Amino acid sequence: MDNHKERIANFRIEPPGLFRGRGDHPKMGMLKRRIRPQDIIINCSKDSKYPTPPPGTKWKEVRHDNKVTWLVSWTENIQGSIKYIMLNPSSRIKGEKDWQKYETARRLKKCVDRLRAQYREDWKSKEMRIRQRAVALYFIDKLALRAGNEKEEGETADTVGCCSLRVEHLKLYPESEGQEYVVEFDFLGKDSIRYYNRVPVEKRVFKNLQLFMENKEPDDDLFDRLNTSILNKHLQELMDGLTAKVFRTYNASITLQQQLKELTNAEDNIPAKILSYNRANRAVAILCNHQRAPPKTFEKSMQNLQTKIDAKKDQLSDAKRELKSTKADAKVRKDEKSKKAVETKRKAVQRIEEQLMKLEVQATDREENKQIALGTSKLNYLDPRISVAWCKKWGVPIEKIYNKTQREKFAWAIDMADKDYEF
DNA sequence: CCTGATACTTAGAATTCTCGAA
DNA sequence: TTCGAGAATTCTAAGTATCAGG
C-alpha cells in the first residue's frame with residue numbers, strides 16, 4: 001500500500017489534553033503540549049484526500065509543497081520548535097534517502113586518503129583558522145565526534161561536539177603511562193552522554209592543541225576560529241555532498257566491514273558467528289560512543305543465565321557418564337542393540353555440548369554489552385548491505401541480524417546486495 | 001559575515017508485545 | 001494457563017545541515 005496514503009489514513013488528532021514529552025511518564029498525565037486543529041498544517045499533493053478537521057475547527061493551512069517530505073506539521077508551544085509527521089522508514093522516499101547517505105559515505109572512502117593527507121598538511125599552515133579546521137577534522141575522522149553546532153546558552157543542556165569543544169574539555173599530557181602526546185577528552189555529548197577518552201595523538205596535533213589553549217580560560221572555545229558552517233563549507237569543496245556527519249557514517253561502516261573480516265571464523269557454528277557479528281557491531285558502538293544505562297534487571301538476568309549454564313553442565317556430565325557405561329556395556333555384550341545405544345548416547349552428549357556452548361556465548365555477549373547500545377549504529381550508521389552480504393556469505397539467516405521492522409527498513413539493501421558486496 | 005527558521009536524522013528510555021518455562 | 005524476561009516497538013527530544021534575509 002502506498003505509504004503516504006497509509007499514513008494519512010491513520011492520521012488522527014488527539015483530543016485536547018495530555019501529551020507526553022521526553023522523560024515524563026504517560027500515566028503521570030503531565031500537561032505539556034496541546035495540539036489544536038488551528039495550529040496544524042497539512043502538506044499533500046493537490047489531488048490527494050486529506051483528513052477533515054474536527055467539526056467546528058479549521059486547519060491552519062493546507063499546502064502542496066513537493067520540495068519537502070513531511071505530511072503534517074505544527075509549532076510546539078514550549079520551545080516554539082516545529083514538529084512533523086513524516087513517512088515511515090520503510091517508505092520508498094526514506095529508503096532512497098538512506099541509500100544515498102551510504103553512497104555518499106562510499107564516495108568518501110574513495111578520496112579519504114587524499115583528504116587525510118590534506119588535513120595533515122594543514123596542521124602546518126601559517127593561518128590559525130586553517131590549523132584549527134585541520135585539527136578539528138582530524139578529531140571528527142579519528143574519533144567519530146559529532147560536528148558540534150552552537151546552541152543557545154541556558155535554554156538547553158550544556159553539551160558539545162567537536163567544533164564547540166571548550167578548553168576545559170581537554171587535558172594534555174606530553175607523556176602518560178608510557179605513551180607520548182596523550183589527549184584526555186571529557187565532555188557531555190548529545191543527550192548528555194559522557195564522552196571520556198584518552199588518546200595518543202600525533203606530535204603536530206598535540207603542539208597545535210597547546211597553541212589553541214594558550215592564554216585561554218577553561219570556558220573559552222578551543223576552536224575560536226571555527227564553527228560547523230565554516231567546516232562544512234570547506235568539506236563541500238573537498239567532495240560533493242561531504243559534511244562532518246559523513247565521516248561518522250563512513251568510519252562506522254568501514255569499521256564494521258573490517259571487523260567482520262577479522263572476527264568471523266569459517267568453521268564456527270551459527271551462534272558463534274553471530275557473536276562475532278555482535279562484536280563487530282560493538283566495536284562500532286564504542287567508536288560512536290553509543291552508551292546505555294545498564295538494564296535494571298541486568299544482575300538478575302546474568303544470574304539466571306549462570307544458573308542455566310550450571311544446570312546444563314550437570315546435565316552434560318550425567319550424559320557423559322551414561323555414555324561411558326553404555327560403552328563399557330557394549331564392549332561386553334557386543335550386540336547390535338547396545339551399539340545403537342552407544343550411538344544414541346553419543347548424540348545426546350553432542351547435543352548438550354552444543355546447547356551449553358550456545359548459553360555460554362549468550363552470557364559473553366550479554367556481559368560485553370552491559371553498557372553498550374547496538375541499536376543506534378545498526379539503524380543509522382552501518383550500511384545494511386555489509387550485513388546482508390555477510391549473512392549471505394556465511395549462510396546466516398538475515399532474521400538473526402535484523403528483526404521484522406529492520407528488514408522492512410532495509411528492504412532495499414536485502415534486494416540489492418550479494419555475498420561479495422564491498423562497502 | 002550572522003541569525004533564526006526549516007527540514008530532516010539520530011538517540012536512549014519507556015512501553016508494549018511475545019513466547020517459553022513452570 | 002499464567003508469568004515474567006527479553007525483544008520489539010514507540011516516543012519525541014536533541015542533534016546536524018542548509019538557507020533566506022538582514
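Keep in mind that the numbers below use all heavy atoms, side chains included, and drop hydrogens, waters and symmetry copies. Below, chain A is the first sequence line, B the second, and so on; all start at residue 1. These numbers come from a predicted model, not from an experiment.
Residue S81(A) is out of contact with every strand shown, counting any heavy-atom pair closer than 4.0 Å. Heavy atoms of Y84(A) sit under 4.0 angstrom from at least one base atom. Contact annotation for A157(A): no contact, since no heavy-atom pair falls under 4.0 Å across all strands.
Here the straight-line distance linking atom NE2 of H234(A) with atom CZ of R129(A) works out to 9.5 Å at 0.5 Å rounding. Going from atom OH of Y181(A) over to atom CG of L209(A) covers 12.5 Å, rounded to the nearest 0.5 Å. M302(A) contributes atom CE, which lies 4.0 Å from atom CD of E367(A) (distance to the nearest 0.5 angstrom).
In W99(A), the CH2 atom is not crowded: 12 or fewer heavy atoms of neighbouring residues, nucleotides or ligands sit closer than 6.0 Å.
Between the side chain of R248(A) and the backbone N or O of A144(A), at least one donor-acceptor pair lies under 3.5 Å. Distance alone, capped at 3.5 Å, is enough to place a donor-acceptor pair between the Q291(A) side chain and the R194(A) backbone.
Taken residue by residue, residues 351-366 of chain A places no heavy atom nearer than 4.0 Å to DNA chain B. Listed in residue order, the members of residues 130-149 of chain A having a heavy atom less than 4.0 Å from DNA chain B are R146(A).
Put simply, the residue from D186(A), D158(A), D221(A) that forms a salt bridge (Lys or Arg N to Asp or Glu O under 4.0 Å) with R166(A) is D158(A). A side-chain contact (heavy atoms from CB on, under 4.5 Å) with K409(A) is found for one member of N403(A), D98(A), N88(A) and no other, namely D98(A).
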Contact state string [nucleotides 17-22 of chain B, B base, S sugar-phosphate only, - no protein heavy atom under 4.0 Å]: ------
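For dA7(B), neither phosphate oxygen OP1 nor OP2 lies less than 4.0 angstrom from any side-chain nitrogen or oxygen of S73(A). At the phosphate of dA5(C), OP1 or OP2 sits under 4.0 Å from a side-chain N or O atom of K300(A).
Considering only side-chain atoms of A373(A), the nucleotide from dG12(B), dA17(C), dA13(B) that sits closest is dG12(B).
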